[in-house]
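A quick write-up on the structure given underneath.
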Amino acid sequence: MATHVPIAPRHRRFAKTMRIDPTPAERAFWHGVRAGRLEGLKFRRQVPMLGFIADFVCYEARLIVEIDGWQHGGTAAGRSSDESRDGAFAAAGFLTLRFANEMILEDLDSVLAKVAAAARLRIEKC
């Protein structure tokens, strides 16, 4: 079991700010998963962990869902940063699923189905 790692106060403040003012895609996804709406899974949003802030985390399935806007895939630096985050999360035992804002807004049901399927697989393996 991992030991507790203190979270920098600036990360806590930034995560809180992001929870208060989510993007439209984050708001739509949160509405679909909050309060166990997705197969009883519990998600937390804007979670400071490992020096990053994960958009959505389901600890039971060790699953992270990242919702990416234009800044993520458009540049080599954005892709490199995402790879670093995903690698750190994987090393800690988490699977990261990434979805574009547009996909969330245009086909939320499909995204939720993919997240639920991945979560079921991960929980079954435990």
Side-chain angles (χ1 to χ4, degrees):
M1 179 168 241
T3 59
H4 177 71
V5 178
I7 298 166
R10 69 181 179 87
H11 273 99
R12 278 192 199 277
R13 285 191 302 274
F14 188 53
K16 183 176 181 179
T17 299
M18 290 174 22
R19 283 190 295 272
I20 291 169
D21 189 23
T23 67
E26 289 170 342
R27 183 175 287 116
F29 184 82
W30 180 239
H31 182 73
V33 301
R34 68 184 292 257
R37 290 180 182 161
L38 185 64
E39 298 189 8
L41 297 166
K42 181 179 179 182
F43 281 84
R44 293 183 58 209
R45 61 188 174 136
Q46 304 303 339
V47 180
M49 55 189 300
L50 305 174
F52 303 101
I53 298 176
D55 288 343
F56 298 92
V57 179
C58 176
Y59 284 102
E60 178 185 8
R62 305 213 34 95
L63 180 68
I64 294 172
V65 177
E66 289 289 316
I67 300 176
D68 297 339
W70 59 269
Q71 69 276 22
H72 287 268
T75 65
R79 285 186 299 276
S80 175
S81 174
D82 289 346
E83 290 170 4
S84 295
R85 292 167 58 92
D86 293 353
F89 294 151
F94 287 85
L95 171 67
T96 302
L97 299 178
R98 292 187 169 278
F99 299 97
N101 284 342
E102 295 78 20
M103 189 170 186
I104 301 286
L105 296 173
E106 293 170 8
D107 194 4
L108 179 60
D109 290 339
S110 173
V111 169
L112 293 175
K114 290 175 184 177
V115 171
R120 278 193 306 270
L121 284 173
R122 295 199 42 92
I123 291 169
E124 288 173 5
K125 287 182 180 180
C126 294

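Computed over heavy atoms, backbone and side chain alike; hydrogens, waters and symmetry mates excluded. Just so it is clear, the structure is predicted and the values come from calculations on it, not from any experiment.
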- Message: The criterion is side-chain contact (heavy atoms from CB on, under 4.5 Å); which residues satisfy it with Ala91, sequence neighbours excluded?
- Response: none
- Note on the structure: Correct closest heavy-atom pair for Ala28 and Ile104 would be CB-CG2, 4.2 Å
- Item | Closest non-hydrogen atom pair, Arg122 against Ala61 | NE-O, 2.9 Å
- Return the minimal non-hydrogen interatomic distance between Gly69 and Asn101, and the atom names on each side. CA-ND2, 3.2 Å
- Can you find a pair of side-chain heavy atoms, one from Phe99 and one from Leu108, that are under 4.5 Å apart? no
- Message: Once rounded to the nearest 0.5 Å, what's the spacing between atom CZ of Arg98 and atom CD1 of Ile64?
- Response: 9.5 Å
- Item | Inter- and intrachain pairs under side-chain hydrogen bond (donor to acceptor under 3.5 Å, both in side chains), touching residues 108-117, at least two apart | none
- Task: May I ask you to test the Val115-Leu63 pair for a side-chain heavy-atom distance under 4.5 Å?
- Result: yes
- In short, salt bridge (Lys or Arg N to Asp or Glu O under 4.0 Å) pairs touching residues 24-48 with sequence neighbours left out are Glu39-Arg120
- Message: To the nearest 0.5 Å, what is the distance between CG on Leu50 and CZ on Phe94?
- Response: 7.5 Å
- Non-hydrogen atoms of Gly32 and Leu112 that approach each other most closely: CA-CD1, 4.1 Å
- Task: Scan Ile123, Leu41, Val33 and name whichever one has a side-chain contact (heavy atoms from CB on, under 4.5 Å) with Cys58.
- Result: Leu41
- Task: May I ask you to test the Val57-Met49 pair for a side-chain heavy-atom distance under 4.5 Å?
- Result: yes
- Note on the structure: On a heavy-atom basis, the closest approach of Ala15 and Ile53 is N-CD1, 3.7 Å
- What's the shortest heavy-atom distance between Asp55 and Val65, and which atoms? CB-O, 3.2 Å
- Item | Selection residues 32-56 - residue pairs positive for ring-ring contact (aromatic ring centres under 6.0 Å, His included), sequence neighbours left out | Phe29-Phe56, Phe52-Phe89
- Query: In Å and rounded to the nearest 0.5 Å, what is the CG to OG1 distance from Asp86 to Thr96?
  - Reply: 4.5 Å
